[in-house]
Visitor: 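Please read through the structure below; I'll follow up with questions.
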Amino acid sequence: MKHLFYGGVHPQYNKEMSTKGTVLRTITPKQVVIPMQQHIGAPCTPLVSVGEHVLLGQKIGDGEGLCVPVHASVSGTVAAIEPRPHPTAGLVTAVVIDNDFQDAEAPHSPLPQTQEEILSAIREAGIVGMGGAAFPGNAKALSAMGNVDTLIANACECEPYITADDVMLRTNLDQVLQGMMILREILHSRRTVLAVEDNKAQALEKIHACIKDYPEIELKVLPTRYPQGSEKQLIQAITGREVPPGKLPVSVECAVFNVSTFAAIYRAVRLGTPLTRRIVTVSGEAIAEPQNFIVPIGTTFHDLIEQAGGLNDRTERVISGGPMMGKAQEDLSVPVVKATNSILCLMKDKNAAAENPVCLRCGKCVAVCPMRLQPLYLYRFVNAERLDELDRLNIMDCIECGSCSFTCPGKLPLVERFRHGKKLLKEANAK
Amino acid sequence: MNLTVASSPHIRGNFRTNRIMLDVVLALLPALAVGAWKFGPRALLVALVCIVFAVGTEWLYSVLTKTRNTTPDISAAVTGLLLAMTLPSTVPLWQGAVGSVFAIWVVKTLCGGLGQNVFNPALAARAFLLLIYPVGVTRYFVPGVDGVSAATPLHHMVMPSLPEESLLDMFLGNCPGSIGEISALALLAGGGCLVWRKVISPRIPLAYLGTVAVLTLLFSKAGNPLLWMGYSLLSGGVMLGAIFMATDYASSPVTARGQLIYGIGCGALTVLFRYYGLYPEGVTYAILLMDACVWTLDRYTAPRRFGTKEGGAIK
């Protein structure tokens with residue numbers, strides 16, 4: 001049976017830009033800035049002090065509650081512990097390490113055997129959702145244990161430009177598949193699905209060749225459409241189930257992890273190494289040499305952009321993440337964190353928003369909304385601050401995917417206003 | 001380097017208001033061409049006068065109210081052209097001008113401008129002209145025969161007796177009527193382009209035409225119900241109304257179910273007015289009446305909320 005998610009758009013993908021060169025270069029920055037908060041939940045407390053020498057993979061921060069530790073991504077000396085700008089969270093305490101270029105590694109953790117040990121190894125390795133949400137991996141796995149029948153590896157990568165997951169599949173497919181097998185055993189899922197959009201021909205070729213060795217894993221090739229990689233939409237496309245409002249995927253017996261997260265789980269459980277590096281796409285029309293890098297966590301955007309040949313002088317914005325949902329940066333000293341899949345450097349969009357946005361009532365926003373909202377009415381009621389109507393029209397269901405803004409011929413700032421409306425409603429409900 | 005910090009999404013599609021409006025103008029050209037061919041260059045003159053006065057009125061409004069000049073979005077030109085399509089080529093030019101001024105000034109800008117008007121401006125203007133100049137707006141010429149006024153096939157439909165024209169003639173546009181309504185072929189071609197260009201969804205036209213077809217088939221006034229249905233679909237402004245008027249963004253629903261109900265309502269009212277009305281003007285009043293229901297329709301046909309069984313909007 002074929003399921004599809006509702007709505008969606010077809011932006012220009014521009015993915016070939018960053019995959020033309022085949023070499024996946026590893027970056028060795030002089031200094032890394034490692035924020036103590038790289039996940040949803042409580043921040044870490046630094047475990048090292050200024051001047052201390054740290055080893056690659058050494059735990060440098062940890063905390064209580066919903067929290068996973070962070071590790072040194074290079075060996076060297078702690079130069080500072082101070083608040084530094086973070087790509088998505090404002091100012092966050094960070095441990096700054098001067099690289100000694102020795103890559104002296106901390107001893108690997110003993111390999112886990114039992115289920116509890118595996119879950120604890122996933123936590124100790126600092127694994128979070130690497131697709132963008134950065135939810136602690138062990139917590140997600142724990143809540144899903146025995147409660148899900150479908151485990152989904154998300155390699156849709158539906159955002160334009162980004163090819164980090166694509167490159168992950170091309171270069172480390174075995175790690176991804178092994179990681180899926182590890183989690184499958186813990187969660188006791190009946191179905192284990194690798195979901196890939198059909199615009200990744202090279203990766204798919206590899207998968208077709210390898211997947212025979214994993215009869216438990218089902219490959220699902222989905223027609224390319226944004227926002228397929230959104231958790232709720234992907235679950236709908238794979239199973240036909242809709243996650244109820246305000247609920248997590250486990251409520252419809254599904255668990256979704258990004259493919260890079262699976263690879264990180266494999267490395268944590270089978271190699272005993274923590275999450276200290278990730279693949280980052282550096283792309284966009286404004287960068288000289290778009291490509292993918294293997295990046296130690298904490299490498300600054302500035303360093304990465306320099307490695308990719310620098311920005312041209314018509315650069316308008318630099319984005320952490322994709323063009324549809326990513327966050328525009330003003331300070332390029334922000335570091336790559338565990339959830340940073342892309343640094344996107346764009347020039348002025350020729351279809352940029354109009355100075356005088358006017359709603360035509362064309363209804364295209366309604367047709368493309370994957371959550372089946374009515375963006376044109378939400379927009380009207382946010383501007384009128386009619387909180388009762390916003391609640392009635394379920395503004396909190398909005399996933400901010402940007403499909404409506406992308407489509408709008410009147411160029412209304414829809415998502416921007418919805419964020420404001422959600423904030424107003426949250427504040428009102430808190431009272 | 002000065003980086004822009006703006007909200008996502010950071011890219012936009014290439015849909016633009018003026019591109020959409022230009023598409024509508026282009027889609028109307030085949031029907032206008034048939035009108036010009038059948039009724040002569042005066043048809044083009046009527047269209048020109050309507051467009052000039054519509055655009056001029058919108059421009060004048062922006063000057064008088066010191067607001068942004070919105071004429072570059074081409075929507076006023078569309079309104080002028082649509083109004084001309086509903087008028088006979090013999091209409092006094094000043095009546096076309098009055099209609100255009102009414103459409104833009106009263107129906108559109110006073111409601112708040114583009115996207116805010118409750119009623120379709122072109123049809124509201126036609127209804128207005130029908131009230132104050134009933135003769136000028138309904139005097140039709142037989143194509144090719146100068147100076148002979150004639151009853152349109154629609155008048156026969158209301159009488160009722162089947163018109164003299166063959167169905168094929170009516171499909172191609174060989175019959176008296178308004179400038180832009182006579183050729184179903186040209187209108188369907190234009191509508192097909194709009195659907196292909198994703199300017200309109202085919203829901204409203206299909207629901208509209210389907211409803212007219214079913215009702216006239218079931219309640220035929222002629223010996224052969226199929227023939228009656230064919231003439232009913234091809235006579236008067238049904239095609240023009242279903243494809244170009246009922247799909248007007250501002251005055252039609254945005255939800256899928258709402259669009260279906262709206263189309264069905266337009267079709268049913270058209271047949272009702274034709275069967276029981278004094279004027280042979282089913283389409284104009286059917287669409288205007290349904291326009292008044294649009295916001296209510298949207299409200300009660302909201303899509304089912306994601307992840308729930310019941311509708312989203314009604315709690």
Side-chain angles (χ1 to χ4, degrees), chain A residues 6 9 11-12 160 232 242-245 247 311 313 315-319 321 323-330 332 344 346 349-353 356 358-367 370-374 376-377 392-394 397 400 402 405-411 413 415-416 419, chain B residues 1-21 67-70 72-73 75 112-117 198-201 203-204 247-256 258-259 294-295 298-299 301-309 311-315:
Chain A
Y6 303 119
V9 292
Q12 222 185 320
K232 289 187 168 102
E242 295 176 13
V243 179
K247 293 278 168 55
L311 298 169
D313 48 13
T315 308
E316 193 211 30
R317 49 184 100 180
V318 173
I319 297 154
M324 296 297 285
M325 292 187 72
K327 193 155 188 284
Q329 305 294 320
E330 58 179 334
L332 297 184
L344 191 56
L346 296 179
D349 179 15
K350 60 183 188 305
N351 299 316
N356 295 289
V358 175
C359 175
L360 301 180
R361 277 186 54 85
C362 68
K364 290 189 193 306
C365 54
V366 179
M371 297 307 288
R372 295 205 297 201
L373 301 171
Q374 294 171 288
L376 77 164
Y377 288 111
R392 184 182 68 84
L393 292 169
N394 307 314
D397 287 2
E400 299 174 21
S405 298
F406 176 83
T407 308
C408 181
K411 314 290 177 193
V415 174
E416 192 179 342
R419 285 204 192 98
Chain B
M1 180 171 289
N2 235 343
L3 293 172
T4 304
V5 183
S7 164
S8 62
H10 306 285
I11 51 171
R12 296 265 187 161
N14 58 7
F15 257 148
R16 270 169 193 282
T17 304
N18 51 7
R19 202 216 86 181
I20 288 173
M21 295 299 162
T67 49
R68 189 171 58 99
N69 174 18
T70 49
D73 68 23
S75 63
L114 185 61
Q116 304 285 330
N117 47 291
K198 294 201 161 72
V199 172
I200 60 169
S201 132
R203 265 183 227 112
I204 292 175
T247 54
D248 172 44
Y249 287 154
S251 54
S252 65
V254 295
T255 65
Q259 289 174 348
V294 163
W295 280 58
D298 272 352
R299 194 175 179 98
T301 58
R304 180 176 56 80
R305 186 180 188 187
F306 187 94
T308 63
K309 287 203 170 94
I314 308 147
K315 277 182 186 165

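A note on names: the letters A, B, ... follow the listed sequences, proteins ahead of strands, and every chain is numbered from 1.
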Visitor: Where on B:Asn2 is there a heavy atom nearer than 4.5 Å to chain A: the side chain, the backbone, both, or neither?
Guide: backbone
Visitor: I need the minimum non-hydrogen distance between A:Gly363 and B:Val254, along with the two atoms involved.
Guide: CA-CG1, 3.7 Å
Visitor: Give a yes or no answer on whether the side chain of B:His10 reaches the backbone of A:Leu346 with a donor-acceptor pair at less than 3.5 Å.
Guide: no
Visitor: What part of A:Pro370 gets within 4.5 angstrom of chain B, counting heavy atoms only: side chain, backbone, both, or neither?
Guide: backbone
Visitor: Please identify, among A:Leu311, A:Asp313, A:Ile319, the residue contributing the most non-hydrogen atom pairs under 4.5 Å to chain B.
Guide: A:Ile319
Visitor: Could you look at A:Val366 and say if it's the side chain, the backbone, both or neither that has a heavy atom under 4.5 Å from chain B?
Guide: side chain
Visitor: Say you draw a straight line from OG of B:Ser8 to CZ of A:Arg419; how long is it, rounded to the nearest 0.5 Å?
Guide: 4.0 Å
Visitor: Which bit of A:Leu376 comes within less than 4.5 Å of chain B, counting heavy atoms only: side chain, backbone, both or neither?
Guide: side chain
Visitor: In chain order, what residues pass the side-chain contact (heavy atoms from CB on, under 4.5 Å) check against B:Pro72, with sequence neighbours excluded?
Guide: B:Asn69
Visitor: With a 4.5 angstrom heavy-atom cut-off, which part of B:Arg68 approaches chain A: side chain, backbone, both or neither?
Guide: side chain
Visitor: Is it true that a side-chain atom of A:Lys411 and a backbone atom of B:Phe15 form a donor plus acceptor pair closer than 3.5 Å?
Guide: yes
Visitor: Between B:Ile11 and A:Pro11, which heavy-atom pair has the shortest distance, and what is it?
Guide: CD1-CB, 4.1 Å
Visitor: Nearest 0.5 angstrom please: A:Asn356 CG to B:Thr67 OG1, how far?
Guide: 10.0 Å
Visitor: For the CZ atom of B:Phe306 and the CG atom of A:Leu373, what is their distance to the nearest 0.5 Å?
Guide: 10.5 Å
Visitor: Tell me, out of B:Lys198, B:Arg19, B:Arg16, who's got the most heavy-atom pairs with chain A below 4.5 Å.
Guide: B:Arg16
Visitor: Which bit of B:Ser252 comes within less than 4.5 Å of chain A, counting heavy atoms only: side chain, backbone, both or neither?
Guide: backbone
Visitor: Would you please name every residue forming a side-chain contact (heavy atoms from CB on, under 4.5 Å) with B:Ser201, sequence neighbours left out?
Guide: B:Arg203, B:Gln259
Visitor: Which pair of non-hydrogen atoms, one from A:Pro245 and one from B:Gly307, has the smallest distance, and what is that distance?
Guide: CD-O, 3.8 Å
Visitor: Against chain B, work out which of A:Met324, A:Glu416, A:Gln12 has the most heavy-atom pairs shorter than 4.5 Å and name it.
Guide: A:Met324
Visitor: Give the minimum heavy-atom separation between A:Glu330 and B:Val5, together with the two atoms involved.
Guide: CB-CG2, 3.4 Å
Visitor: Hey, which of B:Gly113, B:Ser75, B:Gly115 has the most heavy atom pairs under 4.5 Å with chain A?
Guide: B:Gly115
Visitor: How long is the gap from CZ on A:Arg317 to OG1 on B:Thr4, to the nearest 0.5 Å?
Guide: 5.5 Å
Visitor: Is it true that a side-chain atom of A:Asp349 and a backbone atom of B:Arg12 form a donor plus acceptor pair closer than 3.5 Å?
Guide: yes
Visitor: Taking the side chain as every heavy atom from C-beta outward, state whether B:Leu3 and A:Leu332 have any atom pair closer than 4.5 Å.
Guide: yes
Visitor: Quick one, B:Arg305 with A:Asp397, criterion side chain to side chain contact (heavy atoms under 4.5 Å, CB included). Give me CA distance, side-chain angles, the key distance, then yes/no.
Guide: CA-CA 9 Å; B:Arg305 186 180 188 187; A:Asp397 287 2; 2.6 Å; yes
Visitor: Who among A:Cys365, A:Ala328, A:Pro160 has the most heavy-atom pairs with chain B under 4.5 Å?
Guide: A:Ala328
Visitor: Checking side-chain polar atoms at under 3.5 Å, does A:Arg372 have a donor or acceptor matched by the opposite partner on B:Thr255?
Guide: no
Visitor: Search all heavy atoms of A:Arg361 against all heavy atoms of B:Trp295 and return the closest pair with its distance.
Guide: NH1-NE1, 3.7 Å
Visitor: With rounding to the nearest 0.5 angstrom, report the CD to CG distance, A:Gln374 to B:Asp298.
Guide: 6.0 Å
Visitor: Which heavy atom in B:Tyr249 sits nearest to a heavy atom in A:Leu360, and how many Å separate them?
Guide: CB-O, 3.1 Å
Visitor: Nearest 0.5 Å, what's the SG-CG distance between A:Cys359 and B:Leu114?
Guide: 8.5 Å
